[in-house]
Amino acid sequence: MTQTRSKVTRRNFFKAGSIIVGGIAVASALTPFDGVLFATERPKGKGEWYGIGIDINKCIGCGKCANACKLENNVPKDPFYFRSWVEQYTIKNDGTILVESPNGGIDGFKQSVPDADIFKSFFVPKMCNHCAKSPCVQVCPVGATFETPEGIVLVDENYCIGCRYCVQACPYGCRFINPEKGTAEKCTLCIHRLEKGKNPACFEMCPTEARIYGDLNDPDSKINYFLKNHTCMVIKPNLNTGSKLFYNALSPEVR
Amino acid sequence: MPQHIKRLVSAFAVVIILFLVMQQVLTPASFGKLGHYRADAIPENEMKTLHYAGSAVCTNCHEEMQTDKALGFHAQLQCEACHGPGLKHALYADKFKDKELPDSLKLHKPDQRKDCALCHEINAARIKIVFDTINNTMIHQVNTLKHNPVNKRTNEKVICIDCHNPHQP
Amino acid sequence: MTQHLQHLYEVLSKVDGYVYPNEIELNWSILIVLYPYITGLVAGAFILASLERIFKLHVLRPTYGIALLTALSFMLVATMPLVSHLGKPFRAYEIMVTPHLSSAMAIFGFVYLWYLMVVLLLEIWFDYRCDMIIWAGETTGVKRFLYRAFSLWTTDISPKAVALDNKLGYIVTIIGVPSAFLLHGYVGFIFGSIKANPWWSTVLMPVIFLFSAIVSGIALVMLVYNVITRIRKVKIDMPCLDAIASYLFYILLIDFVLEGLDQIHRIYEAEESFDVLHNLVFGRLFFTMFIMQGLIGTVAPLLTLGTLQFYKPKEKIRKVIYMVIPALILVGIFFMRWNVVIGGQLFSKSFYGYTDFKIGLIGTEGYLMAAFWLIVPFAILSFLLWLFPPWKKKDEEHEVQNA
């Protein structure tokens, strides 16, 4: 990963910080809000700025992503802790919506509604949205969760106090408290793999290439190709989180 | 200033100075370099150990599987999607050529019906349309409980890989 | 660990509909219910005290000192439930060392310190300094040392110095009222600013928290005053209690109206989250919301106190009422906090289902721990009343002689 990490003195940082915060506040008040394009545009800088694309049409719900995530990142095996999981949405003919995610999809899905009753059904893989305006980063009282210059939201587990405010603030339910460590945990986009030039585990293991990631600042990147050639949407655009996880063929039922 | 107000002000001054000193002492060194966080947390996160090797690695030693697979319908499947994380195996298996692998290096062999069912079980949500225009493939689905449960001649229970080569189904 | 997991599996079997897998565990439990409850008691008690001082409502004089000491003793433990529920309690200092300015919780550390150090401690110091010096002369041993130390070894009790104390104390009180508003409004903001959670995210949250805080604080002081007079075997000052009761009534009324407004607004707008919240309120929250908070904590006190506004029964009956009603209100406000904190986590942010809540007796998040943090302030209060008995103050005795 190449990036420009300039050294800023504390005072300059506060100065710059307040200008940026003020600037973002003013800018977000002035620019009309667009759920998708909003997060793809980075305010400044030329380094990498990661975005993720998931094609719902391609997902076959094998749960290999969720499984790989747990194994790669030593996530507790119990079904209450997931950095990445898969949901099956079933919209019945009578209009009711059924959502299932048995063990995050790791053990596979069983169709629970007979074909005749189904209007449509699809899988939705979920993971951290790596928001550009993360509510979780905003509320962390000590700065133990933050956005790297590459746009990856990370947790500093040696600094987190375990107050769980970020867990409450995440609209997507992507965070949990690691029961052994007592600190917050979430998807890191496998930054330890990226750094060694490998793909994140969930992307690597997907049998159908339903998920891709790339540099939003690079016009020729996979993610930009994906965004240009599909009708993409983010989850809960009304919350203005600047989500950088774009879904192709996302139904409005998905929340 | 009356004596008691002086005392009070100095008490407050002491508390505030103590606080500021503590703040200086306790703030981690790399805090604030890149933003309101410990810049060192990024390398710390990057230092985590890997478990998955990635597909390219397996080819080095298991070329026949790779070539098998590349010709079949499972061409897009990563070895580790079925076999589980194999970085340790890829690093150390060499030492055990023609010998039994120790348990810690053995990889999972997903030969049960439920293993194939993860992807191939019939489900309304699995798309039946063409999803990869380049290879022109789709995910074929079978009812894993009813699709050839027994060998018709011997009437013995059979598993998927008795008939399908997992690497070239 | 294993017990925790067992408990989670139990909850898993009670999940209704779909919740995100990470939401099965309730992150903020009873300790976080206590935290706004206790801070609310502080703010409310202080505001009662300042009514006497700023608005010169001298009928409230008997409760002035008690209210201040109650506020202080609850303030001292206000952050303890918060700290003891942390995953890493020993890192709590980081909130003060590297506060993240965009985080409501980080700023709360400073609001808290400001209120404790600059408002409560100062006001009490100015109020008691002269008395502490006098008491130091009358006592020996540890008590004498404590008086000396707390008065910072000052000795000046000339009328001029005392007058200055009074003046400064008055200024502090004036600063204190907005600070008390800030303190508890801020606690409301911690919840109200979470846009991910439609049950919390409302602009009215700080205001509602504030008014319910005032209600609970006044009720607590009323109760404490009742108990103390009984223990000291002195005559209860009925005009004082009558006055407090009528303030309590009006503020409770405002609180009720505000909360009603919030709910009506929610129902009328009927946003995306409406169905899930509706089912929550009539399902898993029915008992705590309608019975405990609504009926016992709000409607019953409102009717009783309202009646007292135009019909005054015999003193004996009023005495009973002034014992029972504050207790009911305290229970009601506790469940109001419960409904906010626990209720806000019972439904999934996907709006497709509900998780369940269960707490054990022991453990860091159990009932015993919670009871402990509720009892400690009363222990501190008894200590403070022993050390600084408001009824033994010089000006107080003076007043009694005058009367």
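Per chain, numbering begins at 1; letters A, B, ... match sequence-line order. Nothing here was measured: the structure is a model prediction, and the numbers come from that model.
- A cation-pi geometry, defined here as NZ or CZ lying under 6.0 Å from the six-membered ring centre and within 45° of its normal, holds between A:Lys70 and A:Phe82.
- Using a 4.5 Å cut-off between heavy atoms, A:Glu72 touches chain B through backbone and side chain atoms alike.
- Judged purely by distance below 3.5 Å, without hydrogens or angles, the side chains of B:Glu121 and B:Thr144 pair a donor atom with an acceptor atom.
- Contacts of A:Glu157 with chain B are made by side-chain atoms alone, with heavy-atom separations under 4.5 Å and no backbone atom involved.
- Proximity to chain B (any heavy atom under 4.5 Å) is restricted, for A:Ile118, to the side chain, taken from C-beta onward.
- Of the listed residues (B:Leu50, B:Leu87, B:Leu77), the one with the most heavy-atom contacts under 4.5 Å to chain A is B:Leu50.
- Looking at A:Val137, there are no atoms closer than 4.5 Å to chain B (heavy atoms on both sides), in backbone or side chain.
- Side-chain contact of A:Glu147 with A:Ser134: a donor-acceptor pair under 3.5 Å is absent, judged by distance alone.
- Panel note: side chain A:Asn93, backbone A:Ala116; a donor-acceptor pair is recorded below 3.5 Å.
- In terms of non-hydrogen atom pairs under 4.5 Å with chain A, the most contact-rich of B:Gln78, B:His120, B:His74 is B:Gln78.
- Of the two parts of A:Lys196, only the side chain, counted from C-beta on, holds a non-hydrogen atom closer than 4.5 Å to a non-hydrogen atom of chain B.
- Interface remark: of the candidates A:Tyr159, A:Tyr89, A:Phe122, A:Tyr159 forms the most heavy-atom pairs closer than 4.5 Å to chain B.
- When only modelled atom types and interatomic distance are considered, B:Asn45 and A:Glu195 share no side-chain donor-acceptor pair under 3.5 Å.
- With a 4.5 Å cut-off on non-hydrogen atoms, A:Ala201 touches chain B through its side chain but not through its backbone.
- When heavy atoms are compared at a cutoff of 4.5 Å, B:Glu80 approaches chain A by way of both its backbone and its side chain.
- Checking each of A:Thr231, A:Asp55, A:Asn229 against A:Asn248 for a side-chain hydrogen bond (donor to acceptor under 3.5 Å, both in side chains) leaves exactly one that passes, namely A:Asp55.
- Heavy atoms closer than 4.5 Å to chain B are found nowhere in A:Asn199, neither backbone nor side chain.
- To the nearest 0.5 Å, atoms NZ (A:Lys186) and CG (A:Asn73) are separated by 11.0 Å.
- At a cut-off of 3.5 Å, with distance as the only test, no side-chain donor of B:Glu64 or B:His167 sits close to an acceptor on the other residue.
- Residue A:Val113 does not touch chain B at all, counting heavy-atom pairs closer than 4.5 Å.
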